[in-house]
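Keep in mind the model is a prediction, meaning the values are calculated, not measured. We count ligands from 1, going down the list as the structure has it; atoms in each ligand are counted the same way.
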Amino acid sequence: MEKEFLTIKNNALSMILDAENNKELDAIRLQFLGRSGKLTIALKDLTKLPDDEKPLMGRVANNTKNVIEDAINRKENELNKKRQTNFIIDITEPGIKPPLGSLHLVTQAIQEITKIFEHIGFTRVRYPEIEWDWYAFEALNFPENHPARDDWETFFIQQDPHPKYGSLVLTPHTSSGQIRQMENSKPPIKMLNIAKTYRRQSDVSHTPMFHQFETLVIGEKISIADLKGTLDFFVKSYFGENRKSRIRPYHFQFTEPSFETDVSCGVCDGRGCKLCKEGWLEIGGAGMVHPNVLKNCGIDPEKYSGFASGWGVERVLMMKEGIQINDLRTLYANNLDFLTQF
Ligand code: PHE
């Protein structure tokens, strides 16, 4: 009798394995477990056994039944799943586009600017946003309490001043990086410092946090011609070959002589229009590093000279793209309707 159950089990399992659809599976179920199914009949025969054989055969019979039922259930699940996946993978159905992120337009500009300067041998660095007065002002030739400091509309951090470095501030310009760079390395230096800067100003054309990119070049016989050449290379690479650049006299504590740097207007091609008034747009400050600044960093001004420039990332970005943003603060408002355009 044990053999009979084994045969039933093996037959059932191999048929279940071969079943290709639910209909075939139903037929198998009927054939073995139905009212006059093979297993049902064999179970009935158990009653005819002598009493001492009944417990053992009962267990064999039960096990056979369980194994067949399990196998049928498992196969049923498998067939159903297959049906569902066949249904889902309908290659004619229009796809669902996954939402794709993109870099913030200021990040994109920073990457582009970095590439341009790296091309002519500058090394990208970044220095602290929270900075000592020494780096942001004092070493840059701003004497204590000098009125020129007011132009930088600085955020001060409430903390006892350091005996040598003074108060802590949110750096109001990337020029603090000039001092850090000269402290860290000896000439020749070709630094590109791009970082966040902070000033107490918030209106349609100012955000309290913005970005600057600062160049510093120190070496023997570095002249204004090198500064003008670098400015011109940047202007042509970033804005386009047809754009011109110029420098105008200005004043900064840490450069002598100092300049404002301009790019010709892309709208009127330098002729003068509503946007630029006189044909030029300002991109930021520049100048030849002041001898006092070199001395403060232990560099001999008799042997070395250099130039520096500090320009606004948001400023050049807006000028390049011709983006008309009525309120500059939109850049940092995390509004996806605005940001996903770029
Ligand atoms: N740090 C100046 C500013 O924030 C710009 C500048 C940089 C000027 C380097 C001269 C040299 O306006």
Participant: Would R180 count as a cation-pi partner of Y135, with NZ or CZ less than 6.0 Å from the six-membered ring centre and within 45° of the ring normal?
Facilitator: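 Because its charged atom sits under 6.0 Å from the ring centre and within 45° of the axis, R180 does stack over Y135.
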Participant: Would you check if the distance from the ring center of F252 to the ring center of H173 is below 6.0 Å?
Facilitator: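 Centroid separation for F252 and H173: 6.0 Å or greater.
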Participant: Look at the side chain of Q212 and the backbone N and O of T174, then say whether any donor-acceptor pair between them is shorter than 3.5 Å.
Facilitator: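 It does hold such a pair.
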Participant: So does D133 pair up with R149, basic N to acidic O under 4.0 Å?
Facilitator: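 Here D133 pairs with R149 in a salt bridge, since their nearest N and O are under 4.0 Å apart.
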Participant: Could you check if a side-chain atom of I110 sits within less than 4.5 angstrom of a side-chain atom of R124, using non-hydrogen atoms only?
Facilitator: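 The answer is yes; the side chains approach within 4.5 Å.
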Participant: So, K23 and D26, do they make that salt bridge, N to O below 4.0 Å?
Facilitator: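 Here K23 does not pair with D26 in a salt bridge, since their nearest N and O are not under 4.0 Å apart.
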Participant: What does the 4.0 Å heavy-atom contact list look like for ligand 1?
Facilitator: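 Protein residues near ligand 1 are W152, H173, S175, Q178, R199, Q212, E214, F252, F254, T255, G285, A286, A308, S309, G310.
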